There are 2 protein chains.
Amino acid sequence: MSAVTSTAGTAEDVVDLVRTAIHQGEFAPNQRLVEADLSVWFGASRAAVRTALLQLTAEGLVERVQNRGARVRAVSLEEAIEICEVRMVVEGLCAAKAAQRASEDDLDGLREIAAGMRHAVEAGDVFAYSELNRRLHAAVRTVAGQHVAAGVLERLRGQNVRHQFRLALLPGRASVSLPQHLEIVDAICARDPERAEAAMRAHLASVIDTLPQVGSSPVH
Amino acid sequence: MSAVTSTAGTAEDVVDLVRTAIHQGEFAPNQRLVEADLSVWFGASRAAVRTALLQLTAEGLVERVQNRGARVRAVSLEEAIEICEVRMVVEGLCAAKAAQRASEDDLDGLREIAAGMRHAVEAGDVFAYSELNRRLHAAVRTVAGQHVAAGVLERLRGQNVRHQFRLALLPGRASVSLPQHLEIVDAICARDPERAEAAMRAHLASVIDTLPQVGSSPVH
DNA sequence: TTCGCCAACATTGTCGCCAATCCTTGCGTC
DNA sequence: GACGCAAGGATTGGCGACAATGTTGGCGAA
């Protein structure tokens with residue numbers, strides 16, 4: 001209910017507004033998104049809102065049924081697991097590609113992130129670790145140079161940021177995932193594609209195993 | 001230039017019309033898609049065409065640049081390879097899942113497709129083999145019960161049907177891929193997830209190796 | 001009382017028009 | 001002759017209004 005009344009006329013802006021609103025929980029899962037309401041809410045025309053909802057539907061963030069309106073798509077635990085399973089294999093591919101194609105500068109960047117992760121865990125800074133986690137996966141995607149895979153992953157990531165976020169807050173999670181992350185970086189730095197893929201898959205398999213613990217309880 | 005003047009007013013219909021037109025080569029890659037032209041072409045309103053183009057952009061079939069219009073997205077050979085690489089790992093996941101979750105009826109269906117493939121190759125029926133190929137991959141997706149992966153694959157398939165089609169026409173291609181397909185079915189029927197995944201990945205790796213031979217020459 | 005029908009409401013889908021933006025072409029100048 | 005610039009045309013983006021559709025509530029009859 002917090003006032004997000006930042007008025008932005010263009011359609012692309014409405015997309016960003018609604019997307020971040022969903023990610024940050026301003027819009028709850030299954031909440032109806034009435035075009036007219038969002039129109040006055042954001043100070044944009046209904047056509048702009050309509051276009052934005054169409055775009056977000058394509059991104060998999062909102063659901064639309066013919067003549068019945070749009071609502072925030074709720075991703076069940078089962079679907080979150082499926083998403084992570086696909087992420088597992090695709091990010092595994094990216095890790096392998098990264099091990100093959102990384103430049104020395106790329107490797108330095110990865111090592112830097114790994115070092116930051118160590119420090120964050122030592123300092124118990126969960127938020128910094130979560131951010132570094134995001135940066136590591138993004139770096140692997142970038143280094144891999146696999147644009148199609150990057151697009152797929154970006155899409156999937158947008159759909160379960162909520163679950164990811166709750167996972168990061170799980171106590172003791174960092175100490176479990178840290179060695180996995182370090183192994184990924186090590187394998188890529190060793191330019192060993194198969195080991196890198198295996199490490200990435202093992203990491204995400206661990207995420208999948210942990211997901212049920214975070215459950216599908218609302219965060220409120 | 002063939003007359004596709006089947007008039008259909010609703011936006012969803014325009015999506016289907018344009019999609020099949022692109023798939024069948026009515027619209028060449030990089031061809032501009034002017035909203036007004038398509039509007040009179042299909043007998044739909046410009047808003048409907050606009051919505052349809054938005055949808056197709058999300059599907060990755062058309063490209064849109066701000067205030068510069070839409071055009072049929074051309075997938076380069078490099079991108080086709082990337083698509084197949086992602087398909088390789090995701091369909092590998094599906095094959096593994098299928099090996100775990102298939103019912104006896106599912107296995108019968110797979111064996112039936114495999115038998116049909118053998119006959120098609122013996123008879124030299126390239127078209128039937130191509131159709132069975134499509135059905136086999138679709139069956140694996142379905143049996144796997146992995147809806148997220150299925151969605152990703154459907155998306156990717158739509159983007160390089162052209163390349164896939166040209167690949168199927170390559171002489172001698174069927175005799176290379178037939179044993180790979182049979183191995184996939186065998187592995188799933190043996191309920192061996194790792195072998196199924198390996199078989200699927202080997203098959204698509206073979207596809208990737210063959211792709212450069214088909215080149216990116218226009219088919220006209 | 002309960003079931004079924006009907007009407008009013010709420011919401012989305014569609015259309016045509018106007019403004020904003022980009023590309024092209026022609027002209028003038030160096 | 002080539003470059004820069006401005007006017008014109010072409011095309012997309014945005015907006016309001018109207019039509020179509022699904023939903024909800026009320027009313028009457030069995």
Side-chain angles (χ1 to χ4, degrees), chain A residues 1 3-22 26-74, chain B residues 1 3-22 26-74:
Chain A
M1 297 303 174
V4 211
T5 46
S6 36
T7 135
T10 163
E12 200 70 22
D13 294 341
V14 180
V15 173
D16 291 336
L17 266 307
V18 177
R19 189 193 289 121
T20 60
I22 292 178
E26 307 274 347
F27 292 141
N30 278 13
Q31 176 175 335
R32 284 197 60 184
L33 298 176
V34 179
E35 294 180 359
D37 292 355
L38 269 62
S39 168
V40 301
W41 191 263
F42 292 124
S45 85
R46 201 170 76 89
V49 172
R50 182 178 190 73
T51 304
L53 288 180
L54 234 22
Q55 175 87 22
L56 290 169
T57 302
E59 287 183 25
L61 280 179
V62 314
E63 249 175 352
R64 286 177 61 106
V65 263
Q66 190 77 263
N67 291 324
R68 283 230 254 154
R71 56 181 61 231
V72 180
R73 199 167 81 87
Chain B
M1 299 303 171
V4 211
T5 46
S6 36
T7 132
T10 161
E12 201 69 22
D13 294 341
V14 180
V15 173
D16 291 336
L17 265 307
V18 177
R19 189 192 291 122
T20 60
I22 292 178
E26 307 275 346
F27 292 141
N30 278 26
Q31 176 175 336
R32 284 197 62 186
L33 298 175
V34 180
E35 294 180 0
D37 293 354
L38 268 62
S39 168
V40 301
W41 192 265
F42 292 124
S45 86
R46 203 169 77 88
V49 172
R50 183 179 191 71
T51 304
L53 288 179
L54 233 22
Q55 175 87 21
L56 290 169
T57 303
E59 288 183 26
L61 280 179
V62 315
E63 250 176 352
R64 286 176 63 103
V65 265
Q66 190 77 265
N67 291 327
R68 284 231 250 154
R71 56 181 60 230
V72 179
R73 200 168 80 86

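As the structure is a computational prediction, the values presented were derived from the model and not from experiment. Below, chain A is the first sequence line, B the second, and so on; all start at residue 1.
- The side chain of B:Gln66 lies closest to D:dG13 when the candidates are D:dG13, D:dG14, C:dG13.
- The side chain of B:Arg50 places no N or O atom within less than 4.0 Å of a non-bridging phosphate oxygen (OP1 or OP2) of C:dC15.
- Per the geometry, CG belonging to B:Leu38 stands 13 Å off C1' belonging to D:dT11, to the nearest Å.
- Rounded to a whole Å, the CD atom of A:Gln31 is 13 Å from the P atom of C:dT11.
- Positionally, the nearest nucleotide of DNA chain D for A:Ala47 lies more toward the 5' end than for the other of A:Asn67 and A:Ala47.
- Side chain of A:Arg64, nearest nucleotide from D:dG13, C:dT11, C:dG13: C:dG13.
- Residue contacts shown for B:Leu53 are absent, as no nucleic acid heavy atom lies under 4.0 Å away.
- Judged purely by atom type and a 3.5 angstrom limit, A:Thr51 uses its side chain to pair as donor or acceptor with the backbone of A:Ala47.
- Remark: the backbone N or O of B:Asn30 is paired with a side-chain donor or acceptor of B:Arg71 at under 3.5 angstrom.
- Dashed line: the shortest gap from a side-chain N or O of A:Arg68 to OP1 or OP2 of D:dT23 is under 4.0 Å.
- The distance between atom CD of A:Glu12 and atom P of D:dT12, rounded to the nearest whole Å, is 17 Å.
- Checked against D:dG13, D:dT11, D:dG14, the side chain of A:Thr10 finds its nearest nucleotide in D:dG14.
- For B:Arg73 (side chain) and B:Gly60 (main-chain N/O), a donor-acceptor pair under 3.5 Å exists by modelled atom type.
- With hydrogens and angles left out, the side chain of A:Arg46 and the base of C:dG13 share a donor-acceptor pair within 3.5 Å.
- Using a distance-only test at 3.5 Å, with no hydrogens or angles considered, a donor-acceptor pair links the side chain of A:Ser39 to the main chain of A:Ala44.
- Across the protein-nucleic acid pair, A:Leu54 atom CG and C:dG13 atom C1' stand 11 Å apart, rounded to whole Å.
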